[in-house]
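Ligands are counted one by one from 1 in listed order, and the atoms in each one are counted from 1 as well.
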Amino acid sequence: MSQKNKLQSIKGFYDILPEATPLWFQLEDTARKVLSQYGYNNIRMPLVEPVELFVRSVGEHTDIVEKEMYAWEDKLNGDKLVLRPEGTAGCVRAVVEQNLTYNGPQRLWYIGPMFRHENVQKGRQRQFHQVGCEAFAFDGPDVDAEQIVLLARLWHELGITDVELQINSIGDADERATYRQMLITYFEQHADWLDEDAKRRLHTNPLRILDSKNPRMQDLCEAAPRLMDCLGEASKVHFENLCQLLTGAGVAYVINHRLVRGLDYYNRTVFEWVTTKLGAQGTIAGGGRYDTLVEKLGGKPTPACGFAIGLERVFLLMQEYGVTAKSSPDIYLVNVGEQAEAKAFSVAEALRSDGLSVVLHAGGGSFKSQMKKADRSGARYAAILGDDEVTAGEVSLKPLLAAGEQQRCGLSEVVNRIKD
Ligand code: HAM
């Protein structure tokens, strides 16, 4: 087939190849383990949701809704659909639709692909994967703290150090409305310094101007009024208690007054974990409280709090820290000779019934070529089945990853012989 006819994946959409999956498994398994240690239960939502869900939750004037959604109209029935750009909205929809908080609070988590039509660069893809976590019907800062501490534990277990925790409080809606007005007035007074993006956002989403990475606007944003100074008593106490809980748990944090997050549903606590080791896309997880979203999406008023981890970024970071993982089957079953070839399939099955992972050599070939493949397979042992072994009802075991003598043993003894 000519090069021209070869199909390629879409820009920003990637294959995860077998050589990478062992490290992915390590990342996902560790996340699963830690989440269950904190009592979070897995939920699985659809990848496709109605567009309206994200307009009403993430917000009409956010980057995601304005320009990053893979949205289309279903030709068959005219429904306006979208590949989910994030998981919180769908999770809230499911909680409301299935009345999941009927019997009390819920701690939920999910894993899977998300889709955003962004500019592609290191750590920024159009299909990427998140582990997300959402707690419903808890209003105290203890759940905010629990989720942050859970993440600190996860980084530790993954072998990642030096990630900075940034936190802020963006208050409740009325506090933010007061602040919004102050901010508009402030930026209007300095209109000459605003770039195009900031001018566009001034009356739609002025808080996001604070997130600007434009060097020309840094001094202006630093000197802007602070939301923290507009907080009412309840929001202030919530934030102070969160800080105390984190300090008590030994989790260091930095208060970043300009941290507002790019999604509209947040109130009070917002946080991000940031590394300097990945270049421009250094936020490996982000989240916060969203106490009004459940009601906005048709449920009863239910406070909530959550976060999502960008798995590709964490994967890259694990590699930066030299964390490696390999898939290593217990046994590569070499079979040479007519009787051995005929018997190999059932021998492999018997070993698997004993709980071992066995790669059965298929396709014949000399002893030497089969042993080469055994070496390349990453298996811990080659189990050699020749006609002699078949007659004796045994196999010869040869260690491949460590030094050691080849030994013969009965099939039922293999599992004990290769225990490490
Ligand atoms: P987010 O900040 O939009 O929050 O995304 C969370 C994380 O997903 C980011 O910190 C980043 O690591 C990763 N991420 C986002 N976009 C990309 C991309 N294009 N390529 C690679 N990684 C990416 C949310 O999604 C919220 N739903 C989090 C949340 C849950 N808040 C409350 N509950």
Side-chain angles (χ1 to χ4, degrees), residues 11-14 16 27 31 35 40 43 45 49 53-54 57-59 62-65 67-70 83-95 106-136 138 143-144 146-148 150-151 154-155 160 163-167 170 208 211 259-275 277-294 297 303-318:
K11 185 173 175 190
F13 290 65
Y14 301 101
I16 297 176
L27 166 54
L35 284 156
Y40 283 77
I43 181 168
M45 299 89 66
E49 296 276 6
L53 177 63
F54 299 99
S57 56
V58 172
T62 56
D63 284 350
I64 292 180
V65 171
K67 52 186 184 194
E68 294 171 358
M69 291 206 296
Y70 285 94
L83 281 176
R84 64 180 187 190
E86 58 101 57
T88 308
C91 189
V92 172
R93 181 208 39 74
V95 165
Q106 287 279 346
R107 287 178 167 89
L108 304 173
W109 72 274
Y110 47 85
I111 183 170
M114 307 291 161
F115 306 86
R116 298 184 193 174
H117 197 125
E118 297 200 72
N119 289 326
V120 177
Q121 62 183 102
K122 182 179 171 191
R124 194 199 263 163
Q125 308 185 173
R126 293 184 174 170
Q127 176 178 333
F128 58 98
H129 297 80
Q130 286 184 342
V131 160
C133 177
E134 319 287 355
F136 295 93
F138 298 96
V143 170
D144 315 22
E146 170 182 286
Q147 295 186 346
I148 291 172
L150 180 161
L151 283 168
L154 178 63
W155 310 144
I160 293 172
V163 262
E164 183 178 85
L165 168 63
Q166 301 185 356
I167 59 173
I170 58 167
R208 284 290 283 165
D211 246 5
L259 181 66
V260 291
R261 308 264 308 130
L263 305 96
D264 278 358
Y265 46 63
Y266 293 110
N267 69 308
R268 296 198 178 175
T269 311
V270 287
F271 63 87
E272 286 186 354
W273 288 87
V274 184
T275 173
K277 289 198 163 30
L278 295 179
Q281 303 306 318
T283 306
I284 57 170
R289 198 156 259 291
Y290 48 95
D291 292 328
T292 56
L293 185 58
V294 175
L297 295 182
C305 182
F307 65 78
I309 306 167
L311 293 181
E312 277 77 6
R313 295 183 190 178
V314 176
F315 180 89
L316 288 171
L317 201 51
M318 288 170 79

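Between Phe136 and Pro303, the closest side-chain pair of non-hydrogen atoms is not below 4.5 Å. Counting only heavy atoms from C-beta outward, the side chains of Asp144 and Arg289 approach each other to under 4.5 Å. Proximity of Phe54 to Met69: side-chain heavy atoms (C-beta onward) are separated by under 4.5 Å at one or more points. Counting heavy atoms from C-beta outward, Ile309 and Trp273 have side chains that stay 4.5 Å or more apart.
Residue Tyr290 places a heavy atom less than 4.0 Å from ligand 1. Residue contacts with ligand 1: Arg261 is included, with a non-hydrogen atom under 4.0 Å away. The closest approach between a heavy atom of Gly132 and any atom of ligand 1 is not below 4.0 Å. Using a non-hydrogen distance threshold of 4.0 Å, Arg116 registers as a contact of ligand 1. Between Ala285 and ligand 1 there is a heavy-atom distance shorter than 4.0 Å.
For atom 31 (N) of ligand 1, the nearest protein heavy atom (residue, atom name, distance) is Tyr266 OH, 2.6 Å. Of all protein heavy atoms, the one lying nearest to atom 6 (C) of ligand 1 is Gln130 NE2, 3.3 Å. In terms of protein heavy atoms, atom 20 (N) of ligand 1 is closest to Gln125 N, 3.0 Å. Counting only heavy atoms of the protein, atom 21 (C) of ligand 1 lies nearest to Gly123 O, 3.2 Å. Scanning the protein for heavy atoms near atom 13 (C) of ligand 1, the closest one is Gly310 CA, 3.5 Å. Nearest protein neighbour of atom 26 (C) of ligand 1, counting heavy atoms only, is Tyr265 OH, 3.3 Å. Closest to atom 19 (N) of ligand 1, if we only count protein heavy atoms, is Glu118 OE2, 2.6 Å. The single protein non-hydrogen atom nearest to atom 30 (C) of ligand 1 is Thr88 OG1, 2.9 Å, given as residue, atom name and distance.
The residue among Phe115, Phe128, Phe271 with a heavy atom at the shortest distance from atom 14 (N) of ligand 1 is Phe128.
Looking at every heavy atom in both residues, Gln127 comes nearest to His129 through NE2-NE2, 3.8 Å. Closest approach of Cys133 to Leu35, counting heavy atoms only: SG-CD2, 4.0 Å. Across Phe128 and Pro85, no two heavy atoms sit closer than the pair CZ-O, 4.0 Å.
With a 4.0 Å cut-off on non-hydrogen atoms, Arg126 does not touch ligand 1 at all. Only the backbone of Ile284 comes within 4.0 Å of ligand 1, judged by heavy-atom distances. In Arg313, the part holding a heavy atom less than 4.0 Å from any atom of ligand 1 is the side chain. Heavy atoms of Glu134 found under 4.0 angstrom from ligand 1 belong exclusively to the side chain.
The distance from ligand 1 to the heavy atoms of Leu263 drops below 4.0 Å at these ligand atoms: 3 (O), 4 (O). With ligand atoms numbered from 1 in the order given, ligand 1 contributes 25 (O), 26 (C), 27 (N) to contacts under 4.0 Å with heavy atoms of Glu86. Within ligand 1, the atoms closer than 4.0 Å to a non-hydrogen atom of Gly287 are 31 (N), numbered from 1 in the order shown.
Judged purely by distance below 3.5 Å, without hydrogens or angles, the side chains of Thr275 and Glu164 never pair a donor atom with an acceptor atom. In the model, Tyr265 has a side-chain atom that pairs as donor or acceptor with a side-chain atom of Thr88 under 3.5 Å. Side-chain atoms of Gln130 and Tyr110 form no donor-acceptor pair, as typed in the model, at a separation below 3.5 Å.
Shown here are the side chain to side chain contact (heavy atoms under 4.5 Å, CB included) partners of Glu118, two or more places apart in sequence or in another chain: Glu68, Arg116, Arg124.
In this structure, the separation between CD1 on Ile284 and CG on Leu151 is 8.0 Å, given to the nearest 0.5 Å.
In this structure, the ring of Tyr40 has its center no less than 6.0 angstrom from the ring center of Phe307.
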